[in-house]
Amino acid sequence: MSLNKVILIGNVGRDPEVRYFDSGAAVANFPVATSERGYRLSNGTEVPERTEWHNIVVRRDLVSFVEKWVKKGSGVYVEGKIRTRTYDDQAGVKRYVTEIHADRVEFYSTGSRPQDGSTTNTATQQSQQTQQPSAYFQQPGGQQDTAFTDTSSADDLPF
């Protein structure tokens with residue numbers, strides 16, 4: 001028996017790139033950063049903070065959620081499978097790419113919001129509060145599940 005499952009909690013590094021195909025299928029890609037805090041060993045040695053970048057690939061019904069709601073700086077919880085693919089670059093050198101093929105994407109908040117420098121009016125903020133889902137994921141077998149949170153307070157927004 002074997003299991004290929006990845007769970008990540010991190011921040012989106014750039015807005016998702018979405019591509020549509022003639023068949024009607026779509027795929028979204030975006031990077032997620034996860035960080036381990038730095039620390040000091042008992043002998044005084046400093047171990048610096050370490051940040052890892054993960055390439056996330058989203059397909060099927062999950063693409064519309066990612067395209068609409070996930071933005072640079074969003075805190076996300078991602079479940080999926082790790083996959084490695086190879087290709088030959090222009091010089092003929094074999095390259096390897098490791099990706100996380102997401103089955104589930106949810107917003108994740110640590111209680112603080114990223115500062116993006118944009119300003120929105122109160123009506124726009126209230127409208128967004130009533131429309132933003134907190135989670136969306138594709139269940140095995142193609143079934144969808146959408147969860148919404150009570151957005152009666154601006155403090156409840158995940159970003």
Side-chain angles (χ1 to χ4, degrees), residues 1-38 48-118 120 124 127-151 156-159:
M1 182 172 165
S2 64
L3 175 67
N4 181 355
K5 182 166 185 137
V6 176
I7 297 174
L8 300 172
I9 296 174
N11 294 317
V12 176
R14 67 172 156 69
D15 288 346
E17 176 184 305
V18 180
R19 292 186 314 266
Y20 291 93
F21 302 100
D22 292 337
S23 65
V27 65
N29 298 291
F30 58 95
V32 168
T34 58
S35 296
E36 295 177 36
R37 291 188 181 189
E49 180 176 299
R50 179 182 172 111
T51 300
E52 294 284 338
W53 287 93
H54 312 276
N55 298 315
I56 310 299
V57 177
V58 176
R59 297 181 189 277
R60 298 181 302 277
D61 297 333
L62 202 50
V63 173
S64 60
F65 170 79
V66 167
E67 182 177 35
K68 186 172 183 179
W69 300 112
V70 176
K71 304 293 179 217
K72 179 180 179 179
S74 296
V76 292
Y77 168 93
V78 177
E79 279 186 26
K81 297 172 181 63
I82 191 165
R83 298 227 175 121
T84 303
R85 61 182 172 88
T86 61
Y87 69 94
D88 294 329
D89 68 8
Q90 293 176 345
V93 177
K94 185 173 267 197
R95 302 286 181 178
Y96 295 87
V97 178
T98 301
E99 301 168 323
I100 307 302
H101 285 241
D103 298 320
R104 181 176 183 163
V105 174
E106 294 183 20
F107 285 114
Y108 184 84
S109 176
T110 58
S112 62
R113 297 183 193 150
Q115 299 298 320
D116 65 359
S118 66
T120 56
T124 302
S127 171
Q128 288 175 345
Q129 289 173 14
T130 59
Q131 295 176 3
Q132 283 185 326
S134 65
Y136 182 92
F137 62 94
Q138 182 76 24
Q139 293 180 338
Q143 296 175 335
Q144 302 177 25
D145 188 9
T146 306
F148 295 91
T149 56
D150 177 12
T151 55
D156 292 337
L157 289 176
F159 43 86

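Throughout, residue positions are numbered sequentially from 1 according to the sequence presented. This structure is a prediction, so every number in the text was calculated from the model and none was measured.
Between E106 and Y108, the side chains place no donor N or O within less than 3.5 Å of an acceptor N or O (distance only, hydrogens not considered).
You'll find the side chain of T84 stays beyond 4.5 Å of the side chain of V97, heavy atoms only. Within the 4.5 Å cutoff, the side chain of N4 has heavy atoms near those of the I82 side chain. For the pair K5/L3, a side-chain contact is recorded, criterion being any heavy-atom separation below 4.5 Å from C-beta on. With contacts defined as side-chain heavy-atom distances shorter than 4.5 Å, the pair Y87/K94 does not qualify. In this structure, H101 and R59 have side chains that are in contact, with non-hydrogen atoms separated by less than 4.5 Å. With a 4.5 Å cut-off on side-chain heavy atoms, F65 and V105 count as touching. Using a 4.5 Å heavy-atom cutoff, the side chains of W53 and N55 are not in contact. Side-chain contact between I56 and V66 is absent, with no heavy-atom pair separated by less than 4.5 Å.
The two residues A102 and L62 have their closest heavy-atom pair at O-CD2, 3.9 Å.
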* For N11 and V76, what are the C-alpha separation, side-chain angles and deciding distance, and is it a side-chain contact (heavy atoms from CB on, under 4.5 Å)? -> CA-CA 6 Å; N11 294 317; V76 292; over 6 Å; no

* Any chance you could lay out the salt bridge (charged side-chain N to carboxylate O under 4.0 Å, His left out) test for D15 and K72, step after step, and finish with the verdict? => CA-CA 5 Å; D15 288 346; K72 179 180 179 179; over 6 Å; no

* Run the side-chain contact (heavy atoms from CB on, under 4.5 Å) check on R104 and Y77 step by step: do they pass? -> CA-CA 8 Å; R104 181 176 183 163; Y77 168 93; 4.2 Å; yes

* Asked: Can you check salt bridge (charged side-chain N to carboxylate O under 4.0 Å, His left out) on K81 and D103, steps first, answer last?
  -> CA-CA 8 Å; K81 297 172 181 63; D103 298 320; 3.0 Å; yes

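The salt bridge (Lys or Arg N to Asp or Glu O under 4.0 Å) search around K71 returns none, not counting sequence neighbours.
A 6.0 Å sphere centred on CZ of F21 holds more than 12 heavy atoms belonging to other residues, nucleotides or ligands.
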Show me the donor-acceptor pairs within less than 3.5 Å that the side chains of residues 23-37 make with the rest of the protein, sequence neighbours left out.
residue	atom	partner	partner atom	Å
S23	OG	A25	N	3.4
T34	OG1	H54	NE2	2.8
S35	OG	T51	OG1	2.9

